[in-house]
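In this text, all values refer to a predicted model and were calculated from it rather than measured experimentally.
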Amino acid sequence: MSAMRGNNGPRYKHSADESAPYDTITVDKLTPIVGAEIGGVDLSQPLGNRTFEEIHRALAENLVIFFRDQHITEQQHLDFGRSFGKLHIHPAAPHAPGHPELMIIHADKDSPRANGEGWHSDVSCDVEPPMGSILYIRKCPPRGGDTLFASMYAAYEALSDRMKRYLDGMTAVHDGEDVYRGTYANFGVEDKKAYPRAEHPVVRTHPVTGKQALYVNRGFTKRLLGVPRDESAAVLAYLYDHAESPLFQCRFRWQENSIAFWDNRCVQHRAMWDYWPHTRTGNRVTIQGDRPV
Ligand code: SIN
């Protein structure tokens, strides 16, 4: 039985932003709450202003967008990312030769781990965490390797009013140390002396949509500030369970040459490593973001 079950209709009543029609792209929603597949775009060709604006709008309305059957070079991947802002360099992960902004995402039968196996928002331990991430998967297992995405707007909205008041003005520590130390040794990456650590509001306001989103995640968030440690642990455990409810999620089934573009300010994601001993490989371009407020 779902912990979200009640007797007054669904716990979270999603009011869809009734979107104006799109002129240059198609937008096919995966769920009413999060995720949409975009059609009518070839990312290997220059994007007109109108198409670019519509992709941006589709991201704001759907939080994560997907493109199928794209054949882009490393440079085109980087250029697409740069059209949304300056690129972020990952503090630990390996990158393509000569391109520090092109992170390698790879797991095969010999890998000790795969990227993103727990729920997280990318590099939320940075003082200015990434705005968005664009993952291009070139090689896929025959089945499996899906990525799950969850709306943190919906997670926030579905909290009780009392919990919203409790979290109002609260901050949390996010730390990359445990996540990154030793993690990429199998790629020959040497550890840094220190990894990023930052304090962020538990509820952040999205700079484009003005909506509030829950901003704690199991991957990076260490503790809530201003309350005893046992209280912090109990409240965070509740918030993680709540945020990971399937009600707020979509699940993307990859095919080779697909792209996912997600907004780290309002979604969390996790990747499934259920395809061993097969190989899944691609690159991620990550766009710099602002300090959460
Ligand atoms: C990540 O960027 O966290 C990895 C996501 C994935 O491989 O699907």
Quick one: does any side-chain atom of [X] pair with a main-chain N or O of [Y] as donor and acceptor, under 3.5 Å?
X	Y	answer
Asp191	Gly182	yes
Gln268	Val216	yes
His242	Ala155	yes
His206	Val208	yes
Glu54	Thr24	yes

*Do the side chains of Ile287 and Phe261 get nearer than 4.5 Å, heavy atoms only?*
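Yes - at least one pair of side-chain heavy atoms lies under 4.5 Å apart.
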Taking [X] first and then [Y], would you say they form a salt bridge - that is, a charged N and a carboxylate O separated by under 4.0 Å?
X	Y	result
Arg197	Asp175	yes
Glu37	Arg68	yes
Arg57	Glu53	no

_side chain to side chain contact (heavy atoms under 4.5 Å, CB included) between Leu148 and His269, worked out_ = CA-CA 5 Å; Leu148 282 68; His269 60 284; over 6 Å; no
Parallel, tilted or perpendicular: which describes the rings of [X] and [Y], with under 30° parallel and over 60° perpendicular?
X	Y	value
Tyr184	Phe187	tilted
Tyr12	His14	tilted
Tyr215	His200	perpendicular

Which pairs with one or both residues in [range] pass salt bridge (Lys or Arg N to Asp or Glu O under 4.0 Å), sequence neighbours excluded?
range	answer
residues 270-291	Asp122-Arg284
residues 254-269	Asp263-Arg265
residues 130-139	none

Same apolar cluster: [X] and [Y], side chain cutoff 4.5 Å:
X	Y	answer
Val235	Tyr156	yes
Ile259	Phe149	no
Ile33	Phe66	yes
Ile55	Leu87	yes
Tyr153	Val64	yes

Show every donor-acceptor pair shorter than 3.5 Å between a side-chain atom in residues 162-173 and any protein atom, with sequence neighbours excluded, or say none if there are none.
residue: Lys164; atom: NZ; partner: Glu157; partner atom: O; Å: 3.1
residue: Tyr166; atom: OH; partner: Glu231; partner atom: OE2; Å: 2.4

*Can you sort out the partners of Tyr136 under ring pair (Phe, Tyr, Trp, His ring centres under 6.0 Å), two or more places apart, ordered by chain and number?*
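Only His77 meet the ring pair (Phe, Tyr, Trp, His ring centres under 6.0 Å) criterion with Tyr136.
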*Of all residues at least two apart in sequence or in a different chain, which pass the ring pair (Phe, Tyr, Trp, His ring centres under 6.0 Å) check with His90?*
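If we apply the ring pair (Phe, Tyr, Trp, His ring centres under 6.0 Å) test to His90, skipping adjacent residues, the hits are Tyr180.
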*Would you sort out whether Met152 and Asn217 count as a side chain to side chain contact (heavy atoms under 4.5 Å, CB included), showing the intermediate values?*
CA-CA 10 Å; Met152 291 302 108; Asn217 66 83; over 6 Å; no
*For residues Ser151 and Ala154, report the shortest heavy-atom separation together with the two atoms involved.*
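The answer is OG-N, 3.0 Å.
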*Can you see which heavy atom on Glu74 is nearest to which on Ala96, and at what distance?*
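Shortest heavy-atom separation between Glu74 and Ala96 comes out as OE2-CB, 3.9 Å.
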*Could you check Asp126 against His88 for side chain to side chain donor-acceptor pair (under 3.5 Å), going step by step and ending with a plain yes or no?*
CA-CA 10 Å; Asp126 265 358; His88 173 270; 2.8 Å; yes
*asked:* Is a donor from one side chain sitting under 3.5 angstrom from an acceptor on the other, for Asn264 and Ser133?
replied: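 Side chains of Asn264 and Ser133: pair found under 3.5 Å.
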*When rounded to the nearest 0.5 angstrom, what is the spacing between NE2 in His56 and CG in Leu47?*
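These two atoms lie 12.5 Å from each other.
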